[in-house]
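First comes the structure, then the notes that go with it.
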Amino acid sequence: MPELPEVEVTRRGVAPHLEGQLVTGVELRREGLRWPFPADLSKILAGQTVRTTGRRGKYLLIHFDHGTLIIHLGMSGHIRILPAGVPSQKHDHFDMAVGNQVLRLTDPRRFGAVLWHAKEEGAVENHLLLRALGVEPLEDLFSAAWLYKQTRGRTSAIKQVLLAGDIVVGVGNIYASESLFQARINPKTPAHRIGLQRYERLAQAIREILAAAIEQGGSTLKDFIGVNGQSGYFQQNYFTYARAGQPCRICNAPIKQIVQGQRSTFYCPNCQK
Ligand SMILES: [Zn+2]
């Protein structure tokens, strides 16, 4: 599933092909994905120039003078930039023709979304899907003090608090497990029991791990262009994620797998207290 780094790498990959370019048309090959596509999207976008791109959590934002196109990749979506005229395949649901290229959204499981937020409706940050999101982990508002303050009343496990996304956004299942390992915090620890010092380690781990993932994903940027390019998702050498039963890379104890809130958590019971 695409997480924050994959979405940010996608944004960086497509941005130079979009920004300053004229949209000449939109093709919708079904009614919608997770939600219906805006039916008049072609009318809304044709003849308009893409100004900038952005990201909020896992939402890719494509800004125009008169509003913002919001794209979510769902469980399995990915975006490519293709030369105009490349025939669509089964799971290609959305095309936006930009300059002499096409931005194409492919989404086999169809949990993704393409939405339009008109400027008259106010700032896009206040969109229903965006306004409850926590702070961005790579921006200045995110800190150990923020984590500490926001978790004083939270009795649920720190792993689930991270995944909830209302305190800090975009720390998905993989990066939550990995960050808690690097911070040496047991994922089952109630969030309000964690002190400032341990949150210092956790905030640093989250920032470092996400930044490293984005940097590593940057090397796949070429894959956004070309017919056969796969998604920009990337496999890293994880310390815990999907390594159940394998030896911890630090202490050799077997990595443990548990289920928290219907999601798998991986951790080292020896390193993470
Ligand atoms: Zn260990």
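Position 1 is the first residue of the sequence; numbering continues from there.
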Rounded to the nearest 0.5 Å, what separates atom [atom1] in [X] from atom [atom2] in [Y]?
X: His66; Y: Arg51; atom1: NE2; atom2: CZ; answer: 10.5 Å
X: Ile70; Y: His72; atom1: CD1; atom2: NE2; answer: 11.0 Å
X: Ile209; Y: Ile174; atom1: CD1; atom2: CD1; answer: 11.5 Å
X: Leu4; Y: Tyr59; atom1: CG; atom2: OH; answer: 12.5 Å
X: Arg109; Y: Leu73; atom1: CZ; atom2: CG; answer: 14.0 Å
X: His78; Y: Asp92; atom1: NE2; atom2: CG; answer: 7.5 Å

Any luck finding a side-chain donor-acceptor pair between [X] and [Y] under 3.5 Å?
X: Thr49; Y: Gln21; result: no
X: His63; Y: Thr68; result: yes
X: Gln204; Y: Glu208; result: yes

Is [X] reaching over with its side chain to a backbone N or O of [Y], donor-acceptor style, under 3.5 angstrom?
X: Glu19; Y: Thr53; answer: yes
X: Gln182; Y: Ser179; answer: no
X: Gln272; Y: Leu180; answer: yes
X: Arg201; Y: Ala183; answer: yes
X: His17; Y: Leu103; answer: no
X: Arg104; Y: Val86; answer: yes
X: Arg30; Y: Gly32; answer: yes
X: Asp95; Y: Glu27; answer: no
X: Glu3; Y: Gly172; answer: yes
X: Arg207; Y: Phe142; answer: yes

Answer yes or no: is there a side-chain heavy-atom contact under 4.5 Å between [X] and [Y]?
X: Ile62; Y: Phe64; value: yes
X: Thr189; Y: Arg198; value: yes
X: Pro36; Y: Glu31; value: no
X: His93; Y: Leu28; value: no
X: Ile250; Y: Phe239; value: yes
X: Gln260; Y: Pro187; value: yes
X: Lys119; Y: Glu121; value: no
X: Gln89; Y: Thr106; value: no

### Query
With respect to Met96, which candidate in Val102, Thr24, Leu69 satisfies the side chain to side chain contact (heavy atoms under 4.5 Å, CB included) definition?
Leu69
### Query
Looking at Ile79, Val9, Val50, Ile71, which one forms a side chain to side chain contact (heavy atoms under 4.5 Å, CB included) with Val14?
Ile79
Looking only at non-hydrogen atoms, find the nearest pair between [X] and [Y] and report the distance.
X: Gly47; Y: Leu22; result: O-CD1, 3.4 Å
X: Gly13; Y: Pro16; result: O-CD, 3.6 Å
X: Leu210; Y: Pro137; result: CD1-CG, 3.4 Å
X: Arg152; Y: Tyr199; result: NH2-CE1, 3.5 Å
X: Asn270; Y: Cys251; result: ND2-SG, 3.2 Å

Output side-chain donor-acceptor pairs under 3.5 Å for residues 153-167, partner residues at least two apart or in another chain, one line each.
residue: Arg154; atom: NH1; partner: Asp166; partner atom: OD2; Å: 2.9
residue: Arg154; atom: NH2; partner: Asp166; partner atom: OD1; Å: 3.2
residue: Lys159; atom: NZ; partner: Asn173; partner atom: OD1; Å: 2.7
residue: Lys159; atom: NZ; partner: Ser264; partner atom: O; Å: 3.4
residue: Lys159; atom: NZ; partner: Thr265; partner atom: OG1; Å: 2.8

### Task
For Arg29 and Ser88, run side-chain hydrogen bond (donor to acceptor under 3.5 Å, both in side chains): C-alpha distance rounded to whole Å, both residues' side-chain angles, the deciding distance at 0.1 Å, then the answer.
CA-CA 9 Å; Arg29 298 199 183 81; Ser88 65; 3.3 Å; yes
Is it possible for you to say whether [X] and [Y] belong to one hydrophobic cluster, with membership spreading through side-chain heavy-atom contacts below 4.5 Å?
X: Ile194; Y: Tyr148; result: yes
X: Leu105; Y: Ile81; result: yes
X: Phe37; Y: Leu61; result: no
X: Val26; Y: Leu60; result: yes
X: Leu18; Y: Val7; result: yes

### Pairs meeting criterion salt bridge (charged side-chain N to carboxylate O under 4.0 Å, His left out) with involvement of residues 126-137, two or more places apart
Arg55-Glu136, Arg56-Glu136
### Message
Determine whether Phe94 and Leu33 satisfy the following criterion, side-chain contact (heavy atoms from CB on, under 4.5 Å), listing intermediate values before the conclusion.
### Response
CA-CA 10 Å; Phe94 169 81; Leu33 297 170; 5.9 Å; no
### Query
Under the criterion ring pair (Phe, Tyr, Trp, His ring centres under 6.0 Å), which of Tyr175, Phe181, Phe266 is the partner of Tyr241?
Phe266
### Query
Taking everything shown except Asp40 itself, do over 12 heavy atoms lie less than 6.0 Å from its CG?
yes
### Task
Show your reasoning for whether side-chain contact (heavy atoms from CB on, under 4.5 Å) applies to Leu196 and Leu147.
CA-CA 8 Å; Leu196 188 56; Leu147 279 177; over 6 Å; no
### Message
Is the distance between the ring centroids of His127 and Trp116 under 6.0 Å?
### Response
no
### Message
Under the rule for side chain to side chain contact (heavy atoms under 4.5 Å, CB included), what residues qualify as partners of Pro247, not counting sequence neighbours?
### Response
Arg243, Asn252
